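Proteins get letters first, then strands, A, B, ... in listed order; numbering begins at 1 in each. Treat the numbers as computed from the prediction; the structure is a model and nothing was measured.
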Amino acid sequence: MDSSYLFDPEHWDPGAAGSIPQLLLSHLGYSALALLFGTLIALPVGLFIGHTGRGSFLAINAGNAGRSLPTLGLLMLMVTLLGLGLTPVLIALTVLVIPPVLTSTYAGMRSLDASVVDAARGMGMRPSQVLLRVEFPMALPVLMGGFRSAALQVIATATVAAAVGLGGLGRLLIDGLALNDYSRVLAGAVVVAALAIVLDLLLGLIQRSIVSPGLTGRAVRTRRAAPAP
Amino acid sequence: MITFDEVVKVFPGGSAAVDHLSMELPTGKITVFVGPSGCGKTTSLRMINRMITPTSGRVLIDGQDVTAQDEATLRRGIGYVIQHAGLFPHRTVVDNVATVPLLLGSSRREARRAALEVLERVGLPQSFADRYPAQLSGGQQQRVGVARALAADPPVMLMDEPFSAVDPVVRESLQREFLRLQAELGKTIALVTHDIDEAIKLGDVVAVFREGGRLAQFGTPRELLERPADAFVGEFVGRDRGFRSLSFDTADSVPVRPPGDAAEDGAELVLDPAGRPLGWLGPAVGSPATPVPTGGTFSSTDTLRAVTDLAISSPVGIAVRVGPDGAVDGIVRHHDLVDHLASRRGRSGAERTA
């Protein structure tokens with residue numbers, strides 16, 4: 001394989017138009033916006049369904065339907081309806097984010113120990129307090145799993161933006177294929193893969209810091225319970 | 001005082017879970033709800049803090065209908081302990097215990113101080129404060145559960161099978177400490193259990209429920225054991241209830257003889273220089289070369305049940321009484337004990353007809 005494109009310092013000049021850093025930045029931008037919008041939609045819906053137990057068919061079926069939807073097809077449909085631009089790309093990617101976040105939020109909420117929720121209510125927490133102070137933090141490990149998988153999918157799929165004339169790392173793939181420049185294609189694939197790995201590691205660190213040690217078993221491993229007094 | 005006034009609960013599509021329940025739980029006492037599963041005892045308990053709403057009838061706390069207050073406010077004023085403790089796994093022990101004070105508007109610092117205080121009360125050292133529930137044993141979790149219910153010092157506590165998820169040894173010690181705590185605090189407590197022995201041990205008053213959510217008997221443990229209202233209660237309380245009711249009398253009324261009287265039974269009690277019992281000799285135990293152990297002793301503060309048990313299990317049919325210093329100060333012969341129990345039955349029979 002020819003890695004000359006990837007290691008050519010010219011392609012790493014942040015000031016040059018179409019350089020790898022610039023494509024990387026726009027790629028991250030699309031991904032971040034799609035994750036933001038997708039989470040803003042799926043999280044509250046998942047929390048509501050999990051908390052009330054109503055509409056669980058929606059969480060399950062939306063999850064399955066969303067997974068089987070081809071993003072490229074959806075993107076073409078949106079472009080046909082809305083014309084070229086950022087909006088159709090964001091819609092297509094957001095649709096990709098919703099299923100994993102929705103299903104994992106719902107699954108996280110459903111997996112909670114019912115006696116803990118009963119205790120929370122019995123002590124006089126209002127429904128919103130039960131949700132925010134007990135159910136949400138307890139569901140967080142499962143929820144973060146869904147969010148991480150959504151992030152990986154979006155990073156990989158955001159390459160479609162290039163198919164409708166936008167930037168992002170997909171440019172390297174599309175242009176490379178069009179020009180029969182396989183060195184460029186390789187550079188695109190490697191950078192996307194590296195980005196996905198780095199991002200997942202980063203999200204793993206974030207998860208570690210926001211999920212209570214009481215839930216992960218870390219606390220149990222580091223300190224042994226003392227004998228009964 | 002907690003009052004149930006003609007309370008009925010029918011779950012949708014089901015028969016009555018609680019059927020015209022009327023009773024009064026005395027202030028500052030432990031009232032135990034006991035009965036077979038599906039008898040409505042937990043449902044009744046949960047109607048006190050409105051976790052369940054009655055189909056008809058009223059529940060009152062100190063004369064005030066529980067529905068007069070907003071649900072959350074009502075519950076913050078009532079301690080709540082459940083079977084598996086239901087601790088928040090994502091919060092440390094001290095944060096768990098501080099929950100209700102925080103809900104009531106205490107500052108973080110005040111709530112934490114109150115939590116540490118009450119943890120000490122239930123016998124958990126300060127070093128436990130920053131642990132997570134997963135790091136505690138079942139018994140320790142249950143203690144934290146009790147501490148959490150006590151943190152805001154509520155006058156009323158509801159406890160749903162609080163000690164049934166731990167092993168018998170831990171349960172025994174939790175029960176003992178619970179009684180010690182209650183002697184200090186004097187809360188009005190409603191406690192649900194399916195274990196009649198626990199009911200008798202912990203209850204000042206016991207409400208026996210039968211299937212269909214009806215109250216079979218409401219009375220003190222002694223009344224339950226000595227005068228069960230009907231065959232259902234008699235059976236539920238158990239076959240050895242006569243023996244167990246001996247726990248309500250102390251041994252100070254038993255006729256005690258001087259140790260020398262054991263000679264009448266062909267036995268001799270051997271003492272060490274300090275007067276403590278070493279064991280039995282003589283024809284009654286087959287004239288052994290070394291004394292046969294007595295198998296235990298009692299003091300005047302022990303129960304009649306303990307004395308009877310000792311007399312029955314003693315190799316010579318004699319229970320040995322010791323003073324505070326451990327020295328023997330008398331014996332109780334099997335025959336004398338039987339006469340004493342007979343006269344006791346005559347007395348309680350007279351009370352019944354009176």
Side-chain angles (χ1 to χ4, degrees), chain A residues 47 50-54 105 107-145 206-229, chain B residues 45-46 49-51 70-93 95-96 99-100 102-104 122-125 127-128 130-141 143 145 148-149 151-152 154 158 160 165-166 169-170 173-174 177:
Chain A
L47 288 178
H51 179 70
T52 59
R54 270 179 291 181
T105 307
M109 294 286 286
R110 289 280 99 180
S111 68
L112 301 184
D113 183 347
S115 73
V116 176
V117 179
D118 182 72
R121 290 179 56 223
M123 283 190 294
M125 286 194 186
R126 299 183 192 285
S128 62
Q129 291 170 326
V130 173
L131 180 65
L132 294 177
R133 300 189 191 181
V134 179
E135 291 178 317
F136 181 69
M138 282 171 70
L140 208 50
V142 180
L143 202 162
M144 275 303 289
I206 291 175
Q207 178 169 359
R208 235 182 121 95
S209 71
I210 61 173
V211 171
S212 158
L215 293 173
T216 57
R218 254 185 295 145
V220 181
R221 278 201 299 277
T222 52
R223 275 194 286 178
R224 290 178 61 87
Chain B
L45 184 88
R46 289 165 70 87
N49 66 349
R50 293 181 64 192
M51 296 293 278
D70 145 77
E71 270 178 7
T73 314
L74 171 81
R75 290 174 189 157
R76 288 170 193 176
I78 299 177
Y80 188 55
V81 184
I82 58 176
Q83 187 172 5
H84 294 278
L87 300 181
F88 302 140
H90 59 295
R91 292 193 181 174
T92 58
V93 166
D95 287 341
N96 263 282
T99 305
V100 181
L102 281 175
L103 286 173
L104 288 170
V122 302
L124 283 172
S127 59
F128 277 70
D130 293 319
R131 292 196 188 170
Y132 287 94
Q135 294 169 286
L136 308 183
S137 69
Q140 291 163 346
Q141 291 192 19
R143 273 170 213 262
R148 186 170 69 171
L158 308 181
D160 189 359
V166 291
V169 177
V170 174
S173 84
L174 285 176
E177 270 190 59

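Of all heavy-atom pairs between A:Ala119 and B:Gly86, the closest is CB-O, 3.5 Å. Pairing each heavy atom of B:Phe88 with each of A:Met123, the nearest pair is CZ-CE, 3.3 Å. Taking each heavy atom of B:Ile82 and A:Ser115 in turn, the nearest pair found is CD1-O, 3.2 Å. Across every non-hydrogen atom of A:Gly214 and B:Ala134, the tightest pair is O-CB, 4.2 Å.
Heavy atoms of A:Ala120 lying under 4.5 Å from chain B belong to its backbone as well as its side chain. Residue contact with chain B, scored on non-hydrogen atoms closer than 4.5 Å, is absent for A:Asp113. Residue B:Leu74 does not touch chain A at all, counting heavy-atom pairs closer than 4.5 Å. Contact of B:Pro89 with chain A is made through backbone and side chain together, with heavy-atom distances under 4.5 Å. If you measure heavy-atom distances from B:Arg46 to chain A, the contacts under 4.5 Å come from the side chain alone.
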With side chain to side chain contact (heavy atoms under 4.5 Å, CB included) as the criterion, how do B:Arg91 and A:Arg133 come out once you've worked through the C-alpha distance, each side chain's angles and the decisive distance to 0.1 Å?
CA-CA 10 Å; B:Arg91 292 193 181 174; A:Arg133 300 189 191 181; 3.4 Å; yes
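For chain A, the option among B:Ala152, B:Ala72, B:Pro154, B:Gly139 with the highest count of heavy-atom pairs below 4.5 Å is B:Ala72.
With respect to the salt-bridge test (charged N to carboxylate O, under 4.0 angstrom), the residues B:Asp70 and A:Arg126 qualify.
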